[in-house]
Amino acid sequence: MVVGKVTLEYPVAVSVELLCKVAFSGDVSIFTKACVGMIDAVEVDGDGGPGTVTTMKLNPAVGDAKVFKTRLLSRDAAARVVKSEMVVEGSELSVQFKSQVSEVKVVLAGEGASVVHMTVEYELVDGALLPPEEEARIGQGYLGLIKKVEEYLVAHPTEFA
């Protein structure tokens, strides 16, 4: 079993408290507001706790992917860490991926600023590793969501205060 790993850090011009409250609390409505043109709809199956499945229907402008479906594994509000897995069974991704688990941690980076630390571990069906450009694409996909949320929160600073 070979597990690939993508890691990245992204500085965000939003406070830790606001980013966690809006993007990682379990209320996914921010994604349809912030990600217009990227995400067309979001469906949630569950109570927002572990096991909850979130399905994001992607805009055709995003590329080949049509749906991004994740299952919440854990949320630690005190540590500001959210861990989820991509639901690959029954999707077009099941031909390539055995699993894909992401962990997002938000840390303080000064007043009104934070840093998002993200790790994505994946296992392919064939046991190989993705080429570096494909790993970068995975990281950029997740990072794209965070950037859109950041842009929205900076443009609408009082909406979630």
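Reckoned from all heavy atoms, side chains included, excluding hydrogens, waters and symmetry mates.
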Is it true that a side-chain atom of Arg75 and a backbone atom of Arg80 form a donor plus acceptor pair closer than 3.5 Å?
-> no

Candidate pair Leu19 and Val116, rule side chain to side chain contact (heavy atoms under 4.5 Å, CB included), full reasoning | CA-CA 10 Å; Leu19 186 61; Val116 174; 3.7 Å; yes

Any side-chain heavy-atom pair from Thr70 and Val53 closer than 4.5 angstrom?
-> no

Answer yes if Val87 and Leu73 sit in the same cluster of Ile, Leu, Val, Met, Phe, Trp and Tyr residues linked by side chain heavy atoms under 4.5 Å apart, and no otherwise.
-> no

Non-hydrogen side-chain atoms of Leu143 and Met118 separated by less than 4.5 Å = no

Cluster overlap Val16 with Leu18, hydrophobic side-chain contacts below 4.5 Å | yes

So do Val101 and Ser84 actually touch side chain to side chain, heavy atoms under 4.5 Å?
-> no

What's the shortest heavy-atom distance between Gly4 and Glu135, and which atoms?
-> CA-OE2, 4.4 Å

Drop me the distance from Glu103's CD to Ser74's OG, to the nearest 0.5 angstrom.
-> 7.0 Å

Going by heavy atoms in the side chains, are Lys148 and Phe31 under 4.5 Å from each other?
-> no

Which heavy atom in Ile138 sits nearest to a heavy atom in Val120, and how many Å separate them?
-> CG2-CG1, 3.9 Å

Rounded to the nearest 0.5 Å, what separation is found between the OH atom of Tyr10 and the NE2 atom of His117?
-> 14.0 Å

Report the distance from atom OG of Ser99 to atom CD of Glu123, rounding to the nearest 0.5 Å.
-> 5.0 Å

State, yes or no, whether a side-chain contact exists between Met38 and Met56 at a heavy-atom distance under 4.5 Å.
-> no

Closest contact, heavy atoms only, Lys5 versus Tyr122 | N-CE2, 3.9 Å

Looking only at heavy atoms, which two atoms of Ala23 and Ile30 are closest? And how far apart?
-> CA-CG2, 4.3 Å

Can you get from Phe160 to Val106 by hopping between Ile, Leu, Val, Met, Phe, Trp and Tyr side chains that sit under 4.5 Å apart?
-> yes

Partners of Phe68 by ring pair (Phe, Tyr, Trp, His ring centres under 6.0 Å), sequence neighbours excluded?
-> Tyr142

Val154 and Ala13 have their tightest heavy-atom pair at CG2-O, 3.6 Å

Any side-chain heavy-atom pair from Arg71 and Thr52 closer than 4.5 angstrom?
-> no

Report the residues that fulfil ring pair (Phe, Tyr, Trp, His ring centres under 6.0 Å) with Phe97, sequence neighbours left out, ordered by chain and then residue number.
-> none

Heavy-atom check, side chain of Val42 versus side chain of Ile39, under 4.5 Å = yes

Output the distance between atom CG (Asp76) and atom NZ (Lys105), rounded to the nearest 0.5 Å.
-> 8.5 Å

After noting the C-alpha distance and the side-chain angles of Leu124 and Gln96, does the key distance pass the side chain to side chain contact (heavy atoms under 4.5 Å, CB included) rule?
-> CA-CA 6 Å; Leu124 298 180; Gln96 184 179 19; 3.8 Å; yes

Where do Val14 and Glu150 land on the side chain to side chain contact (heavy atoms under 4.5 Å, CB included) test, with the steps shown first?
-> CA-CA 7 Å; Val14 175; Glu150 174 191 27; 4.1 Å; yes

Report yes or no: do Leu129 and Met86 belong to one cluster of Ile/Leu/Val/Met/Phe/Trp/Tyr joined by side chain heavy-atom distances under 4.5 Å?
-> yes

Non-hydrogen side-chain atoms of Leu72 and Thr54 separated by less than 4.5 Å | no

Between Leu130 and Val2, is there a shared hydrophobic cluster once you connect ILVMFWY residues whose side-chain heavy atoms come closer than 4.5 Å?
-> yes

Kindly compute the distance separating CD (Glu151) from SG (Cys35), expressed to the nearest 0.5 Å.
-> 9.0 Å

Looking only at non-hydrogen atoms, find the nearest pair between Ser29 and Thr32 and report the distance.
-> O-OG1, 3.0 Å

The residue among Glu133, Gln140, Glu134 that forms side-chain hydrogen bond (donor to acceptor under 3.5 Å, both in side chains) with Arg137 is Glu134

